[in-house]
There are 2 protein chains.
Amino acid sequence: MTRAGLTPAVVVADAAALADEAGFDALTLSAVARRLGVQTASLYAHVRDRAALLDGVTALAMGEVAARIATGIAGRSGRDALRGYADAFRDYAREHPGRWAAMQRRAGPAAVAAPSAVDVVALTDALLRGYALPADQRVHVVRLLGSTINGFVQLERIGSFDHSAPAPAASWDRAVDALDTLLRAWPAPDPEESSA
Amino acid sequence: MTRAGLTPAVVVADAAALADEAGFDALTLSAVARRLGVQTASLYAHVRDRAALLDGVTALAMGEVAARIATGIAGRSGRDALRGYADAFRDYAREHPGRWAAMQRRAGPAAVAAPSAVDVVALTDALLRGYALPADQRVHVVRLLGSTINGFVQLERIGSFDHSAPAPAASWDRAVDALDTLLRAWPAPDPEESSA
DNA sequence: GCAGAAACCTACAGGGTGTAGGTTGGGCGC
DNA sequence: GCGCCCAACCTACACCCTGTAGGTTTCTGC
């Protein structure tokens with residue numbers, strides 16, 4: 001009998017494919033084993049346990065998203081860059097729903113420490129160079145940007161926009177425009193609040 | 001032996017408590033049965049299956065959130081109302097993480113048709129009366145608002161803000177301010193886009 | 001060509017879901 | 001106040017998933 005030639009990377013890649021097809025929480029070791037034509041127990045030689053497999057998919061997804069962002073903002077600035085940045089997330093979530101779901105959870109230390117997480121931060125920083133923002137406001141802007149983009153993608157995915165017209169794409173355009181407007185005229189912190 | 005006196009509502013309420021304590025995906029029928037001092041099989045007389053139990057928790061959570069929003073915006077308008085509205089979501093998520101997680105998923109038809117879902121829509125509409133918005137922009141604003149609030153709460157919950165300073169609360173203040181600013185000067189749709 | 005390290009296997013214990021069918025308790029008719 | 005009967009709760013079981021222990025087979029380095 002010829003061997004399947006498994007490695008941790010192969011197992012994680014197959015798990016990611018399964019997550020996209022069947023949903024992230026249908027991601028079980030037995031299902032991966034079936035897809036690979038292998039006994040379930042054999043997988044434990046490559047991944048410590050189910051949690052490690054899920055973390056692997058999370059790390060894989062973060063790397064892929066980082067690559068998409070990089071191409072999405074390359075050669076652009078301002079609103080165009082913002083659009084490319086935001087679309088990188090949304091397109092990825094549409095094409096890879098299971099991998100996207102893998103990122104919408106508290107990940108284990110291994111996934112958090114992955115270099116791709118740092119990449120995303122650096123790319124976001126690069127995007128914001130196109131906007132004149134006070135240094136002490138940057139972190140707030142980064143968080144707001146992430147919140148809106150992730151939130152929109154998440155709500156679209158779970159069907160929250162299915163019960164109203166028009167199609168989400170129109171709202172997406174408006175949301176990116178709104179973020180661009182906001183970043184160009186970021187409100188200065190209220191002096192009362194910062195002194196209180 | 002005295003009976004436990006179960007009803008669907010009791011089972012769902014206990015499941016919600018368990019979700020908050022142990023996490024939404026630790027929400028199993030066996031665990032609920034243990035908490036109630038009952039055999040697992042007995043629960044199937046009250047909930048059809050595990051999916052129905054989860055949907056029950058989702059519907060319960062939506063009702064509770066709607067109630068919080070109502071008190072959060074009562075007697076306020078403009079920025080104060082927005083703040084109350086947004087805090088209703090965030091505070092609820094902090095106090096009831098498991099119930100919150102129950103809402104961050106594609107829910108079954110039963111949960112979607114729940115009256116509390118309609119309540120949230122109506123309350124959001126009431127909030128937006130405090131801002132002068134063209135009728136055709138309302139849906140986009142509602143979606144953006146939901147995206148940012150849900151997204152922030154979600155990212156805060158999964159620890160995305162844990163690796164940068166300052167505390168998320170400061171960014172939350174800025175985010176609500178930014179949304180208020182945005183709603184007061186909602187950018188008109190680009191004529192090019194709407195005609196294209 | 002052979003020793004050893006992987007890769008892969010079988011076997012099993014433990015726990016979760018869901019079904020079938022039995023037993024018991026409490027409310028209601030009379 | 002007695003019995004009926006419904007529903008609440010039970011035991012027993014089949015099936016799937018996780019994770020461990022320990023055996024066998026294939027590939028690789030020398």
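Lettering of chains follows the sequences in order, A, B, ..., and the numbering in each one begins at 1. Just so it is clear, the structure is predicted and the values come from calculations on it, not from any experiment.
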Phosphate-side-chain proximity, Ser30(A) and dT18(D), N/O vs OP1/OP2 below 4.0 Å: yes
Tyr44(A) OH - dT20(D) P separation (whole Å): 7 Å
Could you tell me the separation between the CG atom of Asp25(A) and the P atom of dT17(C), rounded to a whole number of Å? 14 Å
Rounded to whole angstrom units, what separation is found between the CG atom of Leu43(B) and the P atom of dG16(C)? 13 Å
Looking only at side chains, do Thr148(A) and Ser147(B) share a donor and an acceptor under 3.5 Å apart? no
For Ala41(B), answer base if it contacts any base atom (sugar-phosphate contacts may also be present), sugar-phosphate if it contacts only those atoms, and nothing otherwise; contact means non-hydrogen atoms under 4.0 Å. base
Whole angstrom is fine here: how far is it from CZ in Arg50(A) over to P in dT18(D)? 6 Å
Check this for me: does any side-chain nitrogen of one of Arg174(B) and Asp177(B) sit under 4.0 Å from a carboxylate oxygen of the other? yes
Starting the side chain at C-beta, find the nucleotide from dT10(C), dG18(C), dG19(D) nearest to Gln39(A). dT10(C)
Which part of the nucleic acid, if any, lies within reach of Ser42(B) when heavy atoms closer than 4.0 Å are counted: base, sugar-phosphate only, or nothing? base
The side chain of Val38(B) is closest to which nucleotide in this list: dC10(D), dT18(D), dG18(C)? dC10(D)
Does the pair Arg129(B)/Asp125(B) count as a salt bridge with the N-to-O cut at 4.0 Å? no
Given atom CG of Leu29(A) and atom C1' of dG16(C), what is their separation to the nearest angstrom? 16 Å
To check you understand the geometry: which heavy-atom pair defines the closest contact between Ser30(A) and Thr40(A), and what is its length? CA-OG1, 3.6 Å
Side-chain N or O of His46(A) less than 4.0 angstrom from OP1 or OP2 on dA6(C)? no
Counting the atoms with a prime plus P, OP1 and OP2 as sugar-phosphate, which does Arg34(B) contact under 4.0 Å by heavy atoms, base, sugar-phosphate, or nothing? sugar-phosphate
